[in-house]
Amino acid sequence: MRRSEFLRAVDAEFGGRASSLVSDLSLPQLSGRTADEALEAGIPPRDIWSALCIETDVPVERRHGAGRLEPRSR
């Protein structure tokens, strides 16, 4: 998962709450960092997405492949 995919996934899942969750929610799985702090620390976006999903109780079926764009047709 790339950073851009992470940001799309957060926006798609949380809508208007996305930016506040990324900047304000402390994630115990990431040593109490926020998602923004974890990104700055170089933690892989997939790990941050997983921690955010766990902390906010996102159902497992909505966690995989989130944020990916559909393949371009040739």
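Heavy atoms only: backbone and side chains are in, while hydrogens, waters and symmetry mates are out. On a predicted model such as this, the values are computed, not experimentally measured, just so you know. Throughout, numbering of the chain's residues begins at 1 and tracks the sequence.
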Under the salt bridge (Lys or Arg N to Asp or Glu O under 4.0 Å) rule, collect the residues that match up with Glu13, sequence neighbours excluded.
-> Arg62
Does Glu40 have any salt bridge (Lys or Arg N to Asp or Glu O under 4.0 Å) partners at least two apart in sequence or in another chain, and if so, which?
-> Arg3
What closest approach, in Å, do Ala35 and Phe6 show between heavy atoms, and which atom pair accounts for it?
-> CB-CZ, 4.0 Å
Heavy-atom pair with the smallest gap, counting every atom of Ala41 and Arg33 | CB-NE, 3.9 Å
Is the shortest heavy-atom distance from the side chain of Glu37 to the side chain of Ile43 under 4.5 Å?
-> no
Only pairs under 3.5 Å count here: list side-chain donor-acceptor contacts from residues 14-28, not counting sequence neighbours, and write none if there are none.
| residue | atom | partner | partner atom | Å |
| --- | --- | --- | --- | --- |
| Ser20 | OG | Arg17 | O | 3.0 |
| Ser23 | OG | Ser19 | O | 2.9 |
| Ser26 | OG | Gly32 | O | 2.8 |

Sidechain-backbone polar pair: Thr56 side chain, Leu52 backbone, donor-acceptor under 3.5 Å = yes
The reported gap from CZ in Arg2 to CZ in Arg46 (rounded to nearest 0.5 angstrom) is 12.5 Å
